[in-house]
Protein chains: 2
Amino acid sequence: MARAGLTAERVTVAGAELADEVGLDQVTMSQVARRLGVKDASLYSHVRGLDDLRGRIALLAADEKTIRIAEATAGRAGRDALVAFANAWRDYAHRYPGRYAATQISIRIDPELAAEAPGPRRAVKLTYGMLRGYGLAEPDLTDAVRLLRSTFHGFVALEAAGGFAHERSSQQSWVRALDALHTLLERWPPSREGDPP
Amino acid sequence: MARAGLTAERVTVAGAELADEVGLDQVTMSQVARRLGVKDASLYSHVRGLDDLRGRIALLAADEKTIRIAEATAGRAGRDALVAFANAWRDYAHRYPGRYAATQISIRIDPELAAEAPGPRRAVKLTYGMLRGYGLAEPDLTDAVRLLRSTFHGFVALEAAGGFAHERSSQQSWVRALDALHTLLERWPPSREGDPP
DNA sequence: TGGCCTTCCTAGGGGTATTAGGGTGAAACT
DNA sequence: AGTTTCACCCTAATACCCCTAGGAAGGCCA
(Lines give C-alpha, C1' and ligand atoms only; values in the text may rest on other atoms or scores of the structure.)
Protein backbone atom coordinates (compact mmCIF):
# COMPACT_ATOMS: atom_id res chain seq x y z
CA MET A 1 0.00 0.00 0.00
CA ALA A 2 1.45 3.34 -1.05
CA ARG A 3 2.02 5.90 1.66
CA ALA A 4 0.08 9.09 1.23
CA GLY A 5 2.84 11.13 2.76
CA LEU A 6 0.67 13.02 5.17
CA THR A 7 1.92 15.64 7.55
CA ALA A 8 0.26 18.10 9.89
CA GLU A 9 0.85 20.88 7.40
CA ARG A 10 -0.61 18.98 4.44
CA VAL A 11 -3.68 18.15 6.48
CA THR A 12 -4.01 21.80 7.44
CA VAL A 13 -3.71 22.99 3.86
CA ALA A 14 -6.31 20.47 2.71
CA GLY A 15 -8.62 21.70 5.44
CA ALA A 16 -8.03 25.31 4.47
CA GLU A 17 -8.82 24.61 0.81
CA LEU A 18 -11.95 22.80 1.82
CA ALA A 19 -12.96 25.70 4.06
CA ASP A 20 -12.62 28.13 1.18
CA GLU A 21 -14.72 25.93 -1.06
CA VAL A 22 -17.58 24.87 1.17
CA GLY A 23 -17.34 27.01 4.30
CA LEU A 24 -15.44 26.54 7.51
CA ASP A 25 -18.26 24.80 9.34
CA GLN A 26 -18.46 22.19 6.58
CA VAL A 27 -14.84 21.22 7.19
CA THR A 28 -14.96 17.75 8.65
CA MET A 29 -12.36 15.11 9.35
CA SER A 30 -14.07 12.78 6.88
CA GLN A 31 -14.09 15.32 4.08
CA VAL A 32 -10.48 16.27 4.61
CA ALA A 33 -9.52 12.59 4.67
CA ARG A 34 -11.48 11.95 1.48
CA ARG A 35 -9.73 14.87 -0.21
CA LEU A 36 -6.38 13.38 0.77
CA GLY A 37 -7.36 9.88 -0.33
CA VAL A 38 -7.08 8.50 3.16
CA LYS A 39 -9.34 7.16 5.90
CA ASP A 40 -10.39 9.64 8.54
CA ALA A 41 -8.74 7.76 11.38
CA SER A 42 -5.40 8.31 9.68
CA LEU A 43 -5.55 12.02 10.28
CA TYR A 44 -5.33 11.61 14.02
CA SER A 45 -1.65 10.79 13.76
CA HIS A 46 -1.01 14.32 12.59
CA VAL A 47 -3.74 16.42 14.12
CA ARG A 48 -5.26 16.11 17.55
CA GLY A 49 -8.82 16.41 16.31
CA LEU A 50 -11.25 18.71 14.59
CA ASP A 51 -10.73 21.63 16.96
CA ASP A 52 -6.98 21.32 16.58
CA LEU A 53 -7.35 21.30 12.80
CA ARG A 54 -9.46 24.44 12.90
CA GLY A 55 -6.90 26.11 15.10
CA ARG A 56 -4.15 25.23 12.66
CA ILE A 57 -6.20 26.61 9.78
CA ALA A 58 -6.68 29.81 11.74
CA LEU A 59 -2.97 30.18 12.37
CA LEU A 60 -2.15 29.40 8.76
CA ALA A 61 -4.59 32.07 7.66
CA ALA A 62 -3.21 34.59 10.12
CA ASP A 63 0.29 34.02 8.81
CA GLU A 64 -0.74 34.22 5.16
CA LYS A 65 -2.77 37.35 5.69
CA THR A 66 0.04 39.02 7.57
CA ILE A 67 2.48 38.23 4.79
CA ARG A 68 0.18 39.72 2.17
CA ILE A 69 -0.24 42.87 4.19
CA ALA A 70 3.48 43.15 4.80
CA GLU A 71 4.21 42.86 1.08
CA ALA A 72 1.50 45.34 0.19
CA THR A 73 2.61 48.01 2.63
CA ALA A 74 6.37 47.64 2.16
CA GLY A 75 7.90 51.00 1.37
CA ARG A 76 4.68 52.93 1.74
CA ALA A 77 3.64 55.52 4.29
CA GLY A 78 0.67 57.65 5.27
CA ARG A 79 -2.40 57.31 3.14
CA ASP A 80 -0.71 54.95 0.68
CA ALA A 81 0.16 52.58 3.49
CA LEU A 82 -3.33 52.73 4.95
CA VAL A 83 -5.00 51.97 1.64
CA ALA A 84 -2.56 49.19 0.79
CA PHE A 85 -2.98 47.66 4.22
CA ALA A 86 -6.75 47.74 4.09
CA ASN A 87 -7.01 46.45 0.54
CA ALA A 88 -4.66 43.57 1.25
CA TRP A 89 -6.80 42.67 4.26
CA ARG A 90 -10.01 42.77 2.27
CA ASP A 91 -8.54 40.95 -0.71
CA TYR A 92 -7.45 38.12 1.52
CA ALA A 93 -10.90 37.84 3.05
CA HIS A 94 -12.51 37.78 -0.38
CA ARG A 95 -10.10 35.31 -1.90
CA TYR A 96 -9.96 32.89 1.03
CA PRO A 97 -13.28 33.22 2.82
CA GLY A 98 -13.00 29.95 4.71
CA ARG A 99 -9.51 30.65 5.99
CA TYR A 100 -10.55 34.16 6.92
CA ALA A 101 -13.53 32.85 8.86
CA ALA A 102 -11.14 30.63 10.77
CA THR A 103 -9.24 33.64 12.07
CA GLN A 104 -12.33 34.68 14.01
CA ILE A 105 -12.21 31.69 16.32
CA SER A 106 -8.83 32.48 17.81
CA ILE A 107 -10.17 32.31 21.35
CA ARG A 108 -9.83 28.56 21.71
CA ILE A 109 -6.57 27.70 20.01
CA ASP A 110 -4.01 25.52 21.68
CA PRO A 111 -1.67 28.09 23.30
CA GLU A 112 1.34 25.92 22.67
CA LEU A 113 0.59 25.85 18.96
CA ALA A 114 -0.21 29.55 18.83
CA ALA A 115 3.09 30.43 20.48
CA GLU A 116 5.00 29.19 17.44
CA ALA A 117 2.95 31.06 14.85
CA PRO A 118 4.42 34.46 14.05
CA GLY A 119 1.35 35.78 12.24
CA PRO A 120 -0.68 37.47 14.98
CA ARG A 121 2.30 39.14 16.64
CA ARG A 122 3.64 40.37 13.36
CA ALA A 123 0.22 41.68 12.35
CA VAL A 124 0.09 43.89 15.40
CA LYS A 125 3.55 45.25 14.69
CA LEU A 126 2.60 45.95 11.10
CA THR A 127 -0.45 47.90 12.11
CA TYR A 128 1.49 50.03 14.54
CA GLY A 129 4.14 50.61 11.93
CA MET A 130 1.59 51.70 9.37
CA LEU A 131 0.34 54.38 11.75
CA ARG A 132 3.78 55.76 12.45
CA GLY A 133 3.37 58.55 9.94
CA TYR A 134 0.27 59.92 11.64
CA GLY A 135 2.15 61.02 14.73
CA LEU A 136 -0.04 59.38 17.33
CA ALA A 137 1.25 58.59 20.82
CA GLU A 138 0.05 56.01 23.32
CA PRO A 139 -2.63 55.34 24.33
CA ASP A 140 -4.18 56.93 21.26
CA LEU A 141 -2.07 54.66 19.09
CA THR A 142 -3.55 51.51 20.58
CA ASP A 143 -7.03 52.94 20.30
CA ALA A 144 -6.47 53.83 16.67
CA VAL A 145 -5.11 50.37 15.88
CA ARG A 146 -8.15 48.79 17.44
CA LEU A 147 -10.49 51.07 15.59
CA LEU A 148 -8.88 50.25 12.26
CA ARG A 149 -8.87 46.52 12.84
CA SER A 150 -12.49 46.69 13.95
CA THR A 151 -13.55 48.57 10.86
CA PHE A 152 -11.63 46.39 8.43
CA HIS A 153 -12.87 43.19 9.98
CA GLY A 154 -16.40 44.44 10.43
CA PHE A 155 -16.64 45.60 6.84
CA VAL A 156 -15.55 42.34 5.28
CA ALA A 157 -17.62 40.34 7.77
CA LEU A 158 -20.76 42.28 6.87
CA GLU A 159 -19.92 41.95 3.19
CA ALA A 160 -19.58 38.19 3.59
CA ALA A 161 -22.85 37.98 5.52
CA GLY A 162 -24.67 39.86 2.79
CA GLY A 163 -25.21 42.81 5.09
CA PHE A 164 -24.93 45.42 2.39
CA ALA A 165 -27.86 45.76 0.04
CA HIS A 166 -27.08 46.45 -3.55
CA GLU A 167 -28.22 50.03 -3.98
CA ARG A 168 -24.65 51.21 -3.79
CA SER A 169 -21.70 48.96 -4.42
CA SER A 170 -19.77 47.98 -1.35
CA GLN A 171 -16.61 48.82 -3.27
CA GLN A 172 -17.56 52.48 -3.34
CA SER A 173 -18.42 52.49 0.34
CA TRP A 174 -15.09 50.84 1.04
CA VAL A 175 -13.14 53.53 -0.77
CA ARG A 176 -15.00 56.23 1.08
CA ALA A 177 -14.47 54.46 4.39
CA LEU A 178 -10.74 54.52 3.78
CA ASP A 179 -10.94 58.24 2.97
CA ALA A 180 -12.80 58.79 6.20
CA LEU A 181 -10.35 56.79 8.28
CA HIS A 182 -7.42 58.65 6.76
CA THR A 183 -8.81 62.06 7.65
CA LEU A 184 -9.73 60.74 11.05
CA LEU A 185 -6.17 59.64 11.71
CA GLU A 186 -4.83 62.97 10.56
CA ARG A 187 -7.04 64.80 13.04
CA TRP A 188 -7.36 62.32 15.85
CA PRO A 189 -9.59 63.97 18.45
CA PRO A 190 -8.02 64.80 21.81
CA SER A 191 -9.22 62.89 24.83
CA ARG A 192 -12.32 64.42 26.33
CA GLU A 193 -12.65 65.41 29.96
CA GLY A 194 -13.15 62.56 32.40
CA ASP A 195 -11.23 59.88 30.56
CA PRO A 196 -8.67 58.49 32.99
CA PRO A 197 -5.49 57.07 31.41
CA MET B 1 -48.68 11.58 27.96
CA ALA B 2 -48.62 15.30 28.64
CA ARG B 3 -48.17 17.56 25.66
CA ALA B 4 -45.09 19.70 25.80
CA GLY B 5 -46.83 22.55 24.04
CA LEU B 6 -44.11 23.21 21.55
CA THR B 7 -44.20 25.90 18.95
CA ALA B 8 -41.72 27.29 16.46
CA GLU B 9 -41.12 30.27 18.71
CA ARG B 10 -40.53 28.20 21.84
CA VAL B 11 -38.06 26.04 19.95
CA THR B 12 -36.30 29.14 18.69
CA VAL B 13 -36.07 30.65 22.17
CA ALA B 14 -34.70 27.42 23.59
CA GLY B 15 -32.12 27.37 20.83
CA ALA B 16 -31.22 30.99 21.50
CA GLU B 17 -30.74 30.35 25.21
CA LEU B 18 -28.60 27.35 24.44
CA ALA B 19 -26.53 29.40 22.01
CA ASP B 20 -25.83 32.01 24.67
CA GLU B 21 -24.80 29.34 27.15
CA VAL B 22 -22.62 27.03 25.09
CA GLY B 23 -22.00 28.81 21.79
CA LEU B 24 -23.93 28.86 18.56
CA ASP B 25 -22.08 25.96 16.98
CA GLN B 26 -22.94 23.76 19.95
CA VAL B 27 -26.64 24.29 19.32
CA THR B 28 -27.92 20.95 18.14
CA MET B 29 -31.36 19.51 17.57
CA SER B 30 -30.70 16.92 20.27
CA GLN B 31 -29.65 19.48 22.86
CA VAL B 32 -32.59 21.73 22.16
CA ALA B 33 -34.94 18.77 22.35
CA ARG B 34 -33.39 17.67 25.64
CA ARG B 35 -33.81 21.16 27.06
CA LEU B 36 -37.48 21.08 26.08
CA GLY B 37 -38.00 17.58 27.48
CA VAL B 38 -38.82 16.14 24.12
CA LYS B 39 -37.33 13.78 21.56
CA ASP B 40 -35.36 15.41 18.80
CA ALA B 41 -37.59 14.15 16.01
CA SER B 42 -40.45 16.11 17.55
CA LEU B 43 -38.81 19.38 16.67
CA TYR B 44 -39.21 18.79 12.97
CA SER B 45 -42.92 19.55 13.20
CA HIS B 46 -42.09 23.12 14.10
CA VAL B 47 -38.77 23.81 12.46
CA ARG B 48 -37.54 22.64 9.10
CA GLY B 49 -34.15 21.55 10.41
CA LEU B 50 -31.00 22.79 12.01
CA ASP B 51 -30.29 25.46 9.43
CA ASP B 52 -33.84 26.73 9.71
CA LEU B 53 -33.49 26.88 13.48
CA ARG B 54 -30.29 28.87 13.21
CA GLY B 55 -31.96 31.25 10.80
CA ARG B 56 -34.82 31.77 13.23
CA ILE B 57 -32.37 32.45 16.04
CA ALA B 58 -30.66 35.01 13.84
CA LEU B 59 -33.92 36.78 13.06
CA LEU B 60 -34.96 36.70 16.70
CA ALA B 61 -31.64 38.25 17.65
CA ALA B 62 -31.91 40.90 14.96
CA ASP B 63 -35.35 41.89 16.22
CA GLU B 64 -34.28 41.98 19.85
CA LYS B 65 -31.18 43.97 19.12
CA THR B 66 -33.11 46.46 17.03
CA ILE B 67 -35.63 46.96 19.81
CA ARG B 68 -32.90 47.62 22.35
CA ILE B 69 -31.28 50.15 20.06
CA ALA B 70 -34.58 51.83 19.36
CA GLU B 71 -35.31 52.18 23.06
CA ALA B 72 -31.82 53.43 23.80
CA THR B 73 -31.81 56.10 21.11
CA ALA B 74 -35.39 57.31 21.52
CA GLY B 75 -35.45 61.05 21.93
CA ARG B 76 -31.72 61.48 21.51
CA ALA B 77 -29.79 63.21 18.77
CA GLY B 78 -26.24 63.87 17.68
CA ARG B 79 -23.51 62.52 19.89
CA ASP B 80 -25.97 61.28 22.50
CA ALA B 81 -27.76 59.22 19.90
CA LEU B 82 -24.52 57.83 18.51
CA VAL B 83 -23.25 56.76 21.92
CA ALA B 84 -26.57 55.28 22.95
CA PHE B 85 -26.86 53.41 19.67
CA ALA B 86 -23.38 51.98 19.89
CA ASN B 87 -23.61 51.02 23.55
CA ALA B 88 -26.94 49.27 23.03
CA TRP B 89 -25.37 47.32 20.17
CA ARG B 90 -22.35 46.29 22.21
CA ASP B 91 -24.38 45.49 25.31
CA TYR B 92 -26.54 43.15 23.31
CA ALA B 93 -23.52 41.38 21.88
CA HIS B 94 -22.03 40.97 25.35
CA ARG B 95 -25.21 39.83 27.03
CA TYR B 96 -26.35 37.42 24.32
CA PRO B 97 -23.18 36.22 22.60
CA GLY B 98 -24.77 33.19 20.98
CA ARG B 99 -27.70 35.10 19.58
CA TYR B 100 -25.34 37.79 18.35
CA ALA B 101 -23.14 35.24 16.63
CA ALA B 102 -26.24 34.00 14.83
CA THR B 103 -26.77 37.39 13.24
CA GLN B 104 -23.55 36.91 11.29
CA ILE B 105 -24.90 34.05 9.21
CA SER B 106 -27.70 36.01 7.59
CA ILE B 107 -26.58 35.02 4.12
CA ARG B 108 -28.38 31.70 4.10
CA ILE B 109 -31.68 32.38 5.76
CA ASP B 110 -34.91 31.28 4.18
CA PRO B 111 -36.00 34.44 2.31
CA GLU B 112 -39.64 33.73 3.02
CA LEU B 113 -38.95 33.67 6.74
CA ALA B 114 -36.74 36.73 6.60
CA ALA B 115 -39.39 38.71 4.80
CA GLU B 116 -41.63 38.61 7.87
CA ALA B 117 -39.00 39.70 10.36
CA PRO B 118 -38.99 43.46 10.84
CA GLY B 119 -35.64 43.59 12.62
CA PRO B 120 -33.14 44.08 9.81
CA ARG B 121 -35.21 46.64 7.91
CA ARG B 122 -35.93 48.58 11.06
CA ALA B 123 -32.27 48.51 12.05
CA VAL B 124 -31.29 50.20 8.81
CA LYS B 125 -33.92 52.88 9.30
CA LEU B 126 -32.74 53.48 12.84
CA THR B 127 -29.18 53.95 11.73
CA TYR B 128 -30.15 56.45 9.08
CA GLY B 129 -32.32 58.28 11.58
CA MET B 130 -29.51 58.49 14.09
CA LEU B 131 -27.34 60.20 11.51
CA ARG B 132 -29.95 62.77 10.61
CA GLY B 133 -28.41 65.38 12.88
CA TYR B 134 -25.06 65.24 11.14
CA GLY B 135 -26.36 66.73 7.93
CA LEU B 136 -25.09 64.11 5.51
CA ALA B 137 -26.64 63.60 2.10
CA GLU B 138 -26.62 60.54 -0.13
CA PRO B 139 -24.47 58.77 -1.04
CA ASP B 140 -22.35 59.87 1.91
CA LEU B 141 -25.16 58.84 4.21
CA THR B 142 -25.09 55.25 3.06
CA ASP B 143 -21.32 55.16 3.27
CA ALA B 144 -21.41 56.52 6.81
CA VAL B 145 -24.04 54.01 7.86
CA ARG B 146 -21.92 51.18 6.51
CA LEU B 147 -18.82 52.50 8.20
CA LEU B 148 -20.57 52.70 11.56
CA ARG B 149 -22.09 49.25 11.31
CA SER B 150 -18.73 47.83 10.27
CA THR B 151 -16.95 49.40 13.19
CA PHE B 152 -19.53 48.40 15.77
CA HIS B 153 -19.72 44.86 14.53
CA GLY B 154 -15.99 44.53 14.06
CA PHE B 155 -15.23 45.79 17.53
CA VAL B 156 -17.52 43.41 19.35
CA ALA B 157 -16.48 40.54 17.09
CA LEU B 158 -12.82 41.11 17.87
CA GLU B 159 -13.64 41.47 21.54
CA ALA B 160 -15.47 38.15 21.47
CA ALA B 161 -12.60 36.47 19.65
CA GLY B 162 -10.12 37.68 22.22
CA GLY B 163 -8.48 39.96 19.70
CA PHE B 164 -7.67 42.70 22.15
CA ALA B 165 -4.83 42.03 24.52
CA HIS B 166 -5.17 43.32 28.03
CA GLU B 167 -2.66 46.14 28.13
CA ARG B 168 -5.44 48.65 27.75
CA SER B 169 -9.03 47.84 28.52
CA SER B 170 -11.26 47.45 25.53
CA GLN B 171 -13.79 49.66 27.31
CA GLN B 172 -11.43 52.61 27.06
CA SER B 173 -10.72 51.93 23.42
CA TRP B 174 -14.45 51.71 22.80
CA VAL B 175 -15.11 55.11 24.33
CA ARG B 176 -12.35 56.65 22.27
CA ALA B 177 -13.61 54.97 19.13
CA LEU B 178 -16.99 56.58 19.66
CA ASP B 179 -15.31 59.94 20.15
CA ALA B 180 -13.44 59.44 16.92
CA LEU B 181 -16.53 58.40 14.98
CA HIS B 182 -18.43 61.41 16.27
CA THR B 183 -15.82 63.88 15.13
CA LEU B 184 -15.55 62.02 11.85
CA LEU B 185 -19.27 62.38 11.23
CA GLU B 186 -19.15 66.07 12.05
CA ARG B 187 -16.42 66.61 9.48
CA TRP B 188 -17.19 63.98 6.89
CA PRO B 189 -14.53 64.35 4.19
CA PRO B 190 -15.70 65.44 0.75
CA SER B 191 -15.46 62.95 -2.07
CA ARG B 192 -12.03 62.94 -3.66
CA GLU B 193 -11.38 63.37 -7.33
CA GLY B 194 -12.11 60.40 -9.54
CA ASP B 195 -14.90 58.83 -7.50
CA PRO B 196 -17.81 58.35 -9.86
CA PRO B 197 -21.25 58.29 -8.27
C1' DT C 1 18.72 -9.60 6.90
C1' DG C 2 16.44 -8.25 11.08
C1' DG C 3 14.52 -4.80 14.24
C1' DC C 4 11.96 -0.52 14.87
C1' DC C 5 9.32 3.49 14.21
C1' DT C 6 5.95 5.77 11.65
C1' DT C 7 2.05 5.59 8.82
C1' DC C 8 -2.09 4.04 7.58
C1' DC C 9 -5.62 0.60 8.02
C1' DT C 10 -9.86 -2.03 9.95
C1' DA C 11 -13.27 -2.30 13.65
C1' DG C 12 -16.21 -0.26 16.64
C1' DG C 13 -18.64 2.92 20.11
C1' DG C 14 -21.17 6.98 20.62
C1' DG C 15 -23.34 11.20 18.98
C1' DT C 16 -26.08 13.89 15.51
C1' DA C 17 -29.43 15.11 11.53
C1' DT C 18 -33.24 13.75 9.18
C1' DT C 19 -37.19 11.00 7.33
C1' DA C 20 -41.15 7.78 7.67
C1' DG C 21 -44.88 6.24 9.89
C1' DG C 22 -47.80 5.27 14.01
C1' DG C 23 -50.40 6.30 18.39
C1' DT C 24 -52.72 9.64 21.36
C1' DG C 25 -54.32 13.88 23.36
C1' DA C 26 -57.68 17.60 22.93
C1' DA C 27 -60.72 20.41 20.60
C1' DA C 28 -64.74 20.60 17.32
C1' DC C 29 -68.72 18.97 15.47
C1' DT C 30 -73.12 16.20 15.59
C1' DA D 1 -72.15 12.08 25.01
C1' DG D 2 -70.10 10.17 21.10
C1' DT D 3 -67.39 10.70 17.15
C1' DT D 4 -64.22 12.83 14.09
C1' DT D 5 -60.28 15.27 13.12
C1' DC D 6 -55.93 17.10 13.56
C1' DA D 7 -51.88 18.63 15.64
C1' DC D 8 -48.48 16.78 18.40
C1' DC D 9 -45.11 13.74 19.85
C1' DC D 10 -43.22 9.20 19.68
C1' DT D 11 -40.52 4.92 17.88
C1' DA D 12 -37.67 3.13 14.31
C1' DA D 13 -34.35 3.40 10.80
C1' DT D 14 -30.69 5.47 7.78
C1' DA D 15 -26.69 7.94 7.13
C1' DC D 16 -23.07 10.75 8.48
C1' DC D 17 -19.66 12.33 11.74
C1' DC D 18 -15.82 12.30 15.64
C1' DC D 19 -12.69 9.68 17.92
C1' DT D 20 -10.17 5.47 20.13
C1' DA D 21 -7.88 0.99 20.01
C1' DG D 22 -5.20 -2.17 18.04
C1' DG D 23 -3.02 -4.40 13.89
C1' DA D 24 -0.39 -4.70 9.26
C1' DA D 25 2.97 -2.85 6.29
C1' DG D 26 6.42 0.53 4.28
C1' DG D 27 10.88 2.82 5.09
C1' DC D 28 15.16 3.39 7.80
C1' DC D 29 19.23 1.81 10.13
C1' DA D 30 22.41 -1.55 11.84
Side-chain angles (χ1 to χ4, degrees), chain A residues 1-60 98 101-102 105 107-110 112-113, chain B residues 1-60 98 101-102 105 107-110 112-113:
Chain A
M1 178 97 36
R3 295 294 175 97
L6 290 193
T7 188
E9 179 156 1
R10 281 200 60 203
V11 174
T12 304
V13 169
E17 292 170 355
L18 194 59
D20 291 331
E21 290 168 17
V22 301
L24 181 66
D25 46 351
Q26 303 298 322
V27 172
T28 131
M29 287 289 146
S30 316
Q31 290 292 334
V32 173
R34 219 161 300 167
R35 165 177 289 253
L36 290 167
V38 137
K39 298 295 179 185
D40 50 352
S42 307
L43 302 180
Y44 290 83
S45 309
H46 309 278
V47 156
R48 211 187 301 270
L50 185 59
D51 283 347
D52 183 40
L53 173 58
R54 282 207 262 255
R56 287 170 189 271
I57 294 174
L59 293 177
L60 170 68
I105 57 155
I107 196 80
R108 39 178 184 168
I109 290 183
D110 179 16
E112 192 177 335
L113 197 63
Chain B
M1 180 99 35
R3 295 296 174 95
L6 290 191
T7 190
E9 179 157 358
R10 282 199 59 204
V11 174
T12 304
V13 169
E17 292 170 355
L18 194 59
D20 291 331
E21 291 168 16
V22 302
L24 181 67
D25 45 351
Q26 302 298 322
V27 172
T28 131
M29 288 287 143
S30 317
Q31 290 292 334
V32 172
R34 222 160 297 170
R35 165 178 287 253
L36 291 167
V38 136
K39 298 295 178 183
D40 45 353
S42 306
L43 301 180
Y44 289 83
S45 309
H46 309 278
V47 155
R48 211 187 300 272
L50 185 59
D51 283 347
D52 183 41
L53 173 59
R54 282 208 261 255
R56 287 170 188 269
I57 294 174
L59 293 177
L60 169 69
I105 56 155
I107 197 76
R108 41 182 182 165
I109 290 182
D110 180 15
E112 193 177 334
L113 197 64

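For clarity, every value in this text was computed on a predicted model and none was experimentally measured. Per chain, numbering begins at 1; letters A, B, ... match sequence-line order.
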Whole-Å distance, A/Arg48 CZ to D/dC18 C1', equals 16 Å
Filter on salt bridge (charged side-chain N to carboxylate O under 4.0 Å, His left out), then keep only pairs touching residues 27-37 of chain A, sequence neighbours left out; what's left?
A/Glu17-A/Arg35, A/Glu21-A/Arg35
Check the distance between D/dC18's P and A/Lys39's NZ and give it to me in whole angstrom.
14 Å
Could you please spell out the steps behind the side-chain contact (heavy atoms from CB on, under 4.5 Å) verdict for B/Asp25 and A/Asp25?
CA-CA 9 Å; B/Asp25 45 351; A/Asp25 46 351; over 6 Å; no
The side chain of B/Ser45 is closest to which nucleotide in this list: C/dT10, C/dC8, D/dC9?
D/dC9
Between D/dC9 atom P and B/Leu6 atom CG, what is the distance in whole Å?
4 Å
Nearest heavy-atom neighbours spanning A/Val32 and A/Ala14:
CG1-CB, 4.1 Å
Value in whole Å for how far the C1' atom of D/dC17 lies from CG of B/Asp25
15 Å
Out of C/dC8, C/dT10, D/dT11, which has the shortest distance to the side chain of A/Ser42?
C/dC8
At under 4.0 Å between heavy atoms, how does the protein contact nucleotides 12-17 of chain C? Give one character per nucleotide, 5' to 3', with B, S or -.
----SS
As a test of reading the structure: which of C/dC9, C/dT19, C/dT7 is closest to the side chain of A/His46, going by heavy atoms?
C/dT7
Atom-pair distance (CG on A/Leu43; P on C/dT10), nearest Å
14 Å
Closest heavy-atom pair and its distance - A/Ala58, A/Ala102
CB-O, 3.3 Å
Non-hydrogen atoms of A/Ala16 and A/Leu60 that approach each other most closely:
CB-CD2, 3.9 Å
Please output the side-chain donor-acceptor pairs of residues 37-52 of chain B that fall under 3.5 Å, not counting sequence neighbours, one pair per line with the distance.
{"unit_1": "B/Ser42", "atom_1": "OG", "unit_2": "B/Lys39", "atom_2": "O", "d": "3.2"}
{"unit_1": "B/Asp52", "atom_1": "OD2", "unit_2": "B/Arg48", "atom_2": "N", "d": "2.8"}
{"unit_1": "B/Asp52", "atom_1": "OD2", "unit_2": "B/Arg56", "atom_2": "NE", "d": "3.0"}

